[in-house]
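Everything numeric in this text was worked out from a predicted model, so none of it was measured. Note on naming: letters A, B, ... go to the chains in the order of the sequence lines (proteins, then strands), and numbering restarts at 1 for each one.
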There are 2 protein chains.
Amino acid sequence: MLRINRETDYGIVILSAMARSPGERFNPSRLAAAHGLPQPMASKVMKQLVRAGLLCSYRGAKGGYGLVRDPGEITVAEIIEALEGPIAFTECVEDGTGSCNHVDGCTAGAIWSRVSSVVQRALDGVSLAEMARPAEFPVTVYPVQVQWATDGGCAGPVSADPAKLKLIDR
Amino acid sequence: MLRINRETDYGIVILSAMARSPGERFNPSRLAAAHGLPQPMASKVMKQLVRAGLLCSYRGAKGGYGLVRDPGEITVAEIIEALEGPIAFTECVEDGTGSCNHVDGCTAGAIWSRVSSVVQRALDGVSLAEMARPAEFPVTVYPVQVQWATDGGCAGPVSADPAKLKLIDR
DNA sequence: CCCAATCCGTACCCGATTGGTACACATTGC
DNA sequence: GCAATGTGTACCAATCGGGTACGGATTGGG
């Protein structure tokens, strides 16, 4: 085991697809159809990704979802955390106390948090861009050709840090 | 999420306790009582650990379970694999095909297997001895004071590799 | 030789989580 | 105003994790 769950898996697939045509708007139904995954699941996942600040949503006709940041700036760690909460092997690690509330004489806490942080770093080191086109990596810079949605189109309820938005103009 | 399950957690606790008095025999009931975990669970876990070759069992009166190898030679990775199967974030990684059977255009396989192997290595780097006494590490050699059960006491159905048994004599 | 202590295997149960669905509502473009 | 879209909530079914029960096999000791 030690699996990521299906929702997260779908999330990666969806975001990868979006990363391959960044700047475009996508709607869940078409994405689901294109990649053979259940349509309501796609909706569910994308909604969650909006809440996490990785996607922004445009409502109404001709609406859809768009990436908030450069795929090269989004890490797999972020995606996993967005879809299944903090990366922690055990509860002790997650609640941060480091000591075990349940079992007498459990000395594992220190080690688990060490292991968790290794995993964290591993996942931090992989970008969405890499996920989307593994064959093209390693590559210094991901070749983005569009302007990012810093123009207010996504300024509303989305809590993305504007400082992190990268504007690429050519 | 991304949790190890409770059974594995119990397994670590039990093995850690055993590692603190290596060479002794332990029975599930007493271990369970000592560490506040459900007795039948302890049995279940220890049985699985026998099947995985990490423990050996002695039947009958005065029976019990014993460690097969030096706690310093047992890795956390082994324990996790014994109790919850191969370490793989996704099915694709586990079945080894590297490509996704379920979703069209899923390019993540290569990355997942890379991430999984990082985790694998992290877990390979932690020994049971370290788990049992984190405060005493880093230390060059774990101070084992007993002779290991290479004397046939555990020779029967246990499939431990004798080449890996370390004999310490003082 | 029998009994008690212990391991072993199997089968079962329950509740939580996961994966998936449905539907009414809000928002926007045309 | 209508159609196309996202939003929120609620729900359902299946699976799985955690936990239990029990009868049998094996061994040591009296």
Undergrad: Respond yes when some side-chain nitrogen or oxygen of B:Tyr58 is under 4.0 Å from OP1 or OP2 of C:dC8, and no when none is.
TA: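 Checking C:dC8 against B:Tyr58, no side-chain N or O comes under 4.0 Å of OP1 or OP2.
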Undergrad: How many whole angstroms separate atom NZ of A:Lys62 from atom P of C:dC30?
TA: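 Rounding to the nearest Å, NZ of A:Lys62 and P of C:dC30 are 7 Å apart.
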Undergrad: Determine whether B:Arg121 and A:Val118 make a side-chain contact, defined as any pair of heavy atoms from C-beta on separated by less than 4.5 Å.
TA: no
Undergrad: Is a salt bridge present between A:Glu78 and A:Arg69, judged by a nitrogen-to-oxygen distance below 4.0 Å?
TA: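 So A:Glu78 pairs with A:Arg69 through a salt bridge.
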Undergrad: So, does the side chain of A:Lys44 form a donor-acceptor pair with the base of C:dG20 at under 3.5 Å?
TA: yes
Undergrad: Over how many whole Å does the gap from B:Asn5 atom CG to C:dT18 atom C1' extend?
TA: 16 Å
Undergrad: If you go through the side-chain atoms of A:Lys47, does one of them form a donor-acceptor pair with the base of D:dG6 closer than 3.5 Å?
TA: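 Not at all, since no donor on one side and acceptor on the other fall under 3.5 Å apart.
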Undergrad: From A:Leu55 CG over to A:Phe26 CZ, what is the distance, rounded to the nearest 0.5 angstrom?
TA: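 With rounding to 0.5 Å, CG (A:Leu55) is 10.0 Å from CZ (A:Phe26).
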Undergrad: For A:Gln48 and C:dG20, give me the distance from atom CD to atom P, rounded to whole Å.
TA: 14 Å
Undergrad: Assuming nearest nucleotide by heavy-atom distance, tell me which of A:Pro28 and B:Gln39 is located more 5' along DNA chain D.
TA: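 The residue mapped nearer the 5' terminus is A:Pro28.
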Undergrad: Between C1' on C:dT27 and OH on A:Tyr65, what's the gap in Å once rounded to a whole number?
TA: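 That distance rounds to 13 Å.
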Undergrad: Go nucleotide by nucleotide along DNA chain C from the 5' end; which of A:Ala61 and A:Met41 gets its closest nucleotide reached first?
TA: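 Residue closer to the 5' terminus by nearest nucleotide: A:Met41.
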Undergrad: Return the value, rounded to whole Å, for the distance between atom CZ of A:Arg25 and atom P of D:dA4.
TA: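 In whole Å, D:dA4 P lies 17 Å from A:Arg25 CZ.
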Undergrad: Taking for each residue the nucleotide of DNA chain C with the nearest heavy atom, is it A:Ile4 or B:Ser29 whose nucleotide lies nearer the 5' end?
TA: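 Residue closer to the 5' terminus by nearest nucleotide: B:Ser29.
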Undergrad: State whether A:Ser43 places a side-chain N or O below 4.0 Å from either non-bridging phosphate oxygen (OP1 or OP2) of D:dG6.
TA: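 It does not, given that no N or O in the side chain of A:Ser43 lies less than 4.0 Å from OP1 or OP2 of D:dG6.
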Undergrad: Walk me through it: do B:Glu84 and B:Gln48 pass the test side-chain hydrogen bond (donor to acceptor under 3.5 Å, both in side chains)?
TA: CA-CA 10 Å; B:Glu84 48 186 317; B:Gln48 262 183 278; over 6 Å; no
Undergrad: Kindly indicate whether a cation-pi arrangement holds for B:Arg25 with B:Tyr58, taking the cut-offs as under 6.0 Å to the six-membered ring centre and within 45° of the axis.
TA: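 Ring-cation test returns yes.
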Undergrad: What's the closest nucleotide to the A:Ser57 side chain, out of C:dC8, D:dG6, C:dT6?
TA: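 Nearest to the side-chain atoms of A:Ser57, counting from C-beta on, is D:dG6.
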Undergrad: Using whole Å, report how far CZ of A:Arg6 lies from C1' of D:dA14.
TA: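 After rounding, the gap between these two atoms is 12 Å.
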Undergrad: Send over the distance from B:Arg51 CZ to C:dT10 C1', rounded to a whole Å.
TA: 11 Å
Undergrad: Has B:Tyr10 got a side-chain N or O lying under 4.0 Å from the OP1 or OP2 atom of D:dG19?
TA: yes
Undergrad: So A:Pro38, base contact, sugar-phosphate only, or nothing? Heavy-atom distance under 4.0 Å.
TA: sugar-phosphate
Undergrad: Expressed in angstrom and rounded to an integer, what is the separation of B:Met46 atom CE from C:dC8 atom P?
TA: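 So the CE-P distance, B:Met46 to C:dC8, works out to 10 Å.
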